[in-house]
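Letters A, B, ... mirror the listed sequences (proteins, then strands); counts begin at 1. Worth knowing before you read on, the calculation uses all heavy atoms, side chains too, and leaves out hydrogens, waters and symmetry mates.
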Amino acid sequence: MGLQIYNTLSASKEEFVPLNPGEVRIYVCGVTVYDSSHVGHARALLTFGVVYRYLKFLGYQVTFVRNFTDLDDKIIDRASREHTTCDAISARYIDEFNRDSKALGLLAPAHEPKATEHIPEIIALIRRLEEKGMAYQVDGDVFFPVQSFPGYGKLSRRNLEELEAGARIEIDERKKSPLDFALWKASKEGEPWWESPWGKGRPGWHVECSAMSTKYLGQPFDIHGGGLDLVFPHHENEIAQSEGAFGRTLARYWMHNGFLNLNKEKMSKSSGNIFTIREITAEREAEALRHYFLLSHYRSPLDFSNQGLDEAERSIGRIYETMVRVEQATAGAGSAMPDSALLEAFRREMDDDFNTPRAIALIFEEVRSLNRLLDDGRTERLGGRAAALKVMAEALGLLHRSPQLFVESRRERWIKKQGLSEAGIKELIARRDRARREKRFEEADRVREELKEMGIALEDTPGGTVWKVR
RNA sequence: GGCGGCGUACCCAAGUGGUUAAGGGAGAGGUCUGCAAAACCUCGAUGCGGCGGUUCGAAUCCGCCCGCCGCCUCCA
């Protein structure tokens with residue numbers, strides 16, 4: 001059995017069969033660039049980053065597209081509050097996003113289209129809908145009549161009656177149904193605008209993704225992803241537009257990641273309970289955040305906690321330290337072929353809808369097993385197993401640095417945060433070593449204690465005393 | 001109101017009918033060590049929110065109840 005993916009469309013796991021053998025085309029809704037991205041965004045980014053990596057691990061030729069929404073009411077608001085242009089706002093946050101993305105270890109997508117650079121494609125799509133009677137114009141606004149698309153609600157499992165009954169949306173009397181959504185909006189004074197058959201205006205939100213995904217990936221394409229909150233109405237509307245316009249399936253597998261909560265509540269800008277990606281990556285290793293997310297399944301809700309992050313950071317350190325031991329033990333042995341049984345086990349876990357918690361458990365079982373071999377001095381099969389471990393970690397986006405760098409980075413971060421000096425620490429260690437050589441153990445233990453209070457642990461190894469952040 | 005999700009040990013978290021309920025952290029004991037740390041070994045849920053039911057057999061299926069959360073409005 002190959003890869004199984006939970007498809008929101010069928011609400012069940014399905015065997016993944018790409019449209020073209022050996023090739024996968026995937027589109028993920030990116031961020032709206034009106035503010036800093038928060039760790040909730042990071043979860044979505046990392047989730048689909050791992051999907052991307054794992055598909056590559058499986059040997060697929062993957063075309064990954066993730067957009068920027070750089071045209072939106074919130075960007076307009078922000079620009080007017082700061083007396084600047086929308087372009088300036090989106091440029092600033094795209095720039096910031098790119099830094100975050102790099103810090104998080106995300107692989108670059110093949111394309112990162114921006115809404116503002118695809119106005120002609122958007123207009124063409126709306127015109128096509130018009131020709132099919134699936135768009136109507138009122139005062140320069142163009143709406144999509146949801147009644148005209150028979151499958152409306154199939155993704156979010158709702159029907160029109162239910163939706164209309166529960167609708168809490170403000171009534172726009174000009175719309176035929178309260179659920180009809182804007183394809184094109186007439187621009188007000190001071191807003192960005194483009195010439196169109198309906199006058200000066202700008203696209204609605206949903207239509208950009210329909211236009212851009214199809215431009216880069218064709219229709220249908222294989223996987224469409226995003227956060228759970230996009231199922232309705234965003235993705236539902238994308239389906240209505242694209243399938244309405246072309247009479248063909250938009251995307252075959254729909255994947256949605258669960259939320260990141262803070263104190264049990266959804267992390268969102270409007271409620272103010274957020275941590276930005278920058279805040280977190282300034283405080284600790286980005287890899288800790290990735291590991292933390294991987295520890296629970298992507299569809300489960302996850303409550304963000306500092307304790308969890310601390311644990312994750314230590315866990316990553318444990319894997320790295322084992323890698324250091326393996327490297328030392330196999331130095332000069334040349335590169336080994338990755339152990340195939342291990343890779344097979346990894347694949348079995350990941351094939352089950354990207355079950356990263358199980359994959360991580362497998363990694364830890366292997367870490368323990370490697371340490372046991374190391375302790376026993378049995379190094380014959382070490383190379384192949386360590387090589388497999390690296391391949392697995394790569395597929396998850398972990399262990400992308402040298403172990404030494406990870407340890408040093410943690411040290412430097414800690415020293416800086418605590419206002420310590422490396423020279424001072426080394427001085428203390430030297431003092432302790434002198435005391436130990438002279439068998440003044442009370443003195444040596446006092447120094448150990450002193451360093452421990454600074455959060456620094458000493459390890460006396462055959463190669464000398466090493467120190468690390470605890 | 002409609003639709004959906006979640007509740008597994010001190011904490012985090014896999015597991016959707018069948019051997020001893022993964023893995024990590026914390027804790028206890030041990031090996032090692034001048035002492036430690038790291039690593040390794042051993043021990044921690046007779047029970048999976050509660051009550052019923054189906055079944056030879058259920059954390060897993062069904063029903064009811066309790067608690068928490070999300071979507072239905074911009075939202076990863």
Check nucleotides 14-18 of chain B for protein N or O atoms closer than 3.5 Å to its own N or O atoms and list the pairs.
unit_1, atom_1, unit_2, atom_2, d
B/A14, OP1, A/His297, N, 2.8
B/A14, OP1, A/Ser300, OG, 3.3
B/A14, O3', A/Asn355, ND2, 3.4
B/A14, O2', A/Arg358, NH1, 3.4
B/G15, OP1, A/Asn355, ND2, 3.0

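- By the 6.0 Å and 45° rule, A/Arg66 does not stack over the aromatic ring of A/Phe48.
- Taking atom P on both B/C10 and B/C65, the two are 29 Å apart, rounded to the nearest angstrom.
- In terms of the side-chain hydrogen bond (donor to acceptor under 3.5 Å, both in side chains) criterion, residue partners of A/Tyr320 (sequence neighbours excluded) are, by chain and number, A/Glu287.
- Comparing the same atom, C1', in B/A14 and in B/U42 gives a spacing of 23 Å after rounding to whole Å.
- The closest side-chain donor-acceptor pair between A/Arg284 and A/Asn306 falls under 3.5 angstrom.
- We find that CD of A/Glu236 is positioned 12 Å from C1' of B/C71, with the value rounded to whole Å.
- Every residue two or more places apart in sequence or in another chain was checked for a side-chain hydrogen bond (donor to acceptor under 3.5 Å, both in side chains) with A/Tyr253, and none qualifies.
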Canonical and wobble pairing (Watson-Crick, G-U, under 3.5 Å) of RNA chain B, dot-bracket with |: ((((((((.[[[..)..(....]]].(((((.......))))).....[[[[[..)....]]]]])))))))....
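- To the nearest whole angstrom, the two C1' atoms, one in B/C12 and one in B/A26, are 11 Å apart.
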For A/Ile360 and A/His291, what are the C-alpha separation, side-chain angles and deciding distance, and is it a side-chain contact (heavy atoms from CB on, under 4.5 Å)? CA-CA 9 Å; A/Ile360 296 286; A/His291 185 70; 3.8 Å; yes
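- With sequence neighbours left out, the salt bridge (charged side-chain N to carboxylate O under 4.0 Å, His left out) criterion links A/Arg446 to A/Glu443.
- To the nearest angstrom, P of B/A76 lies 9 Å from CZ of A/Phe259.
- Within the structure, a side-chain polar atom (N or O) of A/Lys266 is placed less than 4.0 Å from OP1 or OP2 of B/C71.
- At the heavy-atom level, A/Phe441 lies under 4.0 Å from base atoms of the strands shown.
- Residues satisfying the side-chain hydrogen bond (donor to acceptor under 3.5 Å, both in side chains) test with A/Arg278, not counting sequence neighbours, are A/Glu96.
- Between A/Asp303 and A/Glu365, it is A/Asp303 whose nearest contact on RNA chain B lies nearer the 5' terminus.
- Residues A/Ser10 and A/Glu14 bring a donor and an acceptor atom of their side chains to less than 3.5 Å of each other.
- Across the P atoms, B/C64 and B/G5 are found 15 Å apart, a figure rounded to whole Å.
- No N or O donor and acceptor, one from the side chain of A/Lys264 and one from the base of B/C69, sit under 3.5 Å apart.
- Here A/Ile363 lies out of heavy-atom contact (under 4.0 Å) with every strand.
- Counting only N and O atoms by type, the side chains of A/Ser409 and A/Glu285 include a donor and acceptor under 3.5 Å apart.
- In the region residues 273-292 of chain A, proximity to RNA chain B at under 4.0 angstrom, judged on heavy atoms, holds for none of the residues.
- Under the rule for a salt bridge (charged side-chain N to carboxylate O under 4.0 Å, His left out), A/Arg157 has no partner lying at least two apart in sequence or in another chain.
- Under the 90° criterion around 0 for the glycosidic angle, B/G44 counts as syn.
- Atom C1' of nucleotide B/C10 and atom CD of A/Glu311 are separated by 11 Å, given to the nearest angstrom.
- Comparing the C1' positions of B/G18 and B/A9 gives an interatomic distance of 23 Å, to the nearest angstrom.
- Counting non-hydrogen atoms under 4.0 angstrom, A/Gly30 reaches the backbone sugars and phosphates but no base.
- Between the side chains of A/His38 and A/Thr276, no donor-acceptor pair of N or O atoms lies under 3.5 Å.
- Taking atom P in both B/G15 and B/G52, the straight-line distance is 28 Å, to the nearest Å.
- A cation-pi contact, defined as under 6.0 Å to the ring centre and within 45° of the axis, is absent between A/Arg202 and A/Trp184.
- Side-chain contact check for A/Asn355 and A/Tyr298: no donor-acceptor pair (N or O, by modelled atom type) lies under 3.5 Å.
- Partner A/Asp352 forms a side-chain hydrogen bond (donor to acceptor under 3.5 Å, both in side chains) with one of A/Gln4, A/Lys13, A/Arg358 and no other, that one being A/Lys13.
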B/S/- along nucleotides 35-42 of chain B (protein heavy atoms under 4.0 Å) is BBBSSSS-
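- Taking atom P in both B/U60 and B/C72, one finds a spacing of 31 Å when rounded to whole Å.
- As rounded to the nearest Å, B/U46 and B/C35 have C1' atoms that lie 42 Å from one another.
- Atom NE2 of A/His41 is separated from atom P of B/C74 by 15 Å (rounded to the nearest Å).
- Taking atom NE2 on A/His235 and atom P on B/C74, their separation rounds to 14 Å, with Å as the unit.
- Looking only at atom types and distance, the side chain of A/Ser37 has no donor-acceptor partner in the side chain of A/Asp100 under 3.5 Å away.
- Rounded to whole Å, the distance from CZ on A/Phe97 to P on B/A76 is 11 Å.
- For A/Glu82, the side-chain hydrogen bond (donor to acceptor under 3.5 Å, both in side chains) partners are A/Arg78, A/Arg92, not counting sequence neighbours.
- The distance from atom CD of A/Gln307 to atom P of B/G24 is 17 Å, rounded to the nearest whole Å.
- A search for side-chain contact (heavy atoms from CB on, under 4.5 Å) contacts involving A/Ala395 returns A/Phe57, A/Phe346, not counting sequence neighbours.
- Remark: the A/Asp70 side chain and the A/Thr116 side chain contain an N/O donor-acceptor pair separated by less than 3.5 Å.
- A/Phe364 does not qualify as a stacking partner of the B/G23 base, lacking a centre-to-centre distance under 5.5 Å together with planes within 30°.
- Residue A/Gly40 is in base contact, counting any heavy-atom pair closer than 4.0 Å across all strands shown.
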Under the salt bridge (charged side-chain N to carboxylate O under 4.0 Å, His left out) criterion, do A/Lys426 and A/Glu422 qualify, and how do the steps go? CA-CA 6 Å; A/Lys426 286 190 168 155; A/Glu422 179 156 3; 3.3 Å; yes
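- The stretch residues 145-158 of chain A touches RNA chain B through A/Arg157, A/Arg158, each having a heavy atom within less than 4.0 Å of the strand.
- For the pair A/Leu9 CG and B/G4 C1', the interatomic distance rounds to 15 Å; values are reported in whole Å.
- Set against B/A76, B/G25, B/A13, the side chain of A/Leu302 has B/A13 as its closest nucleotide.
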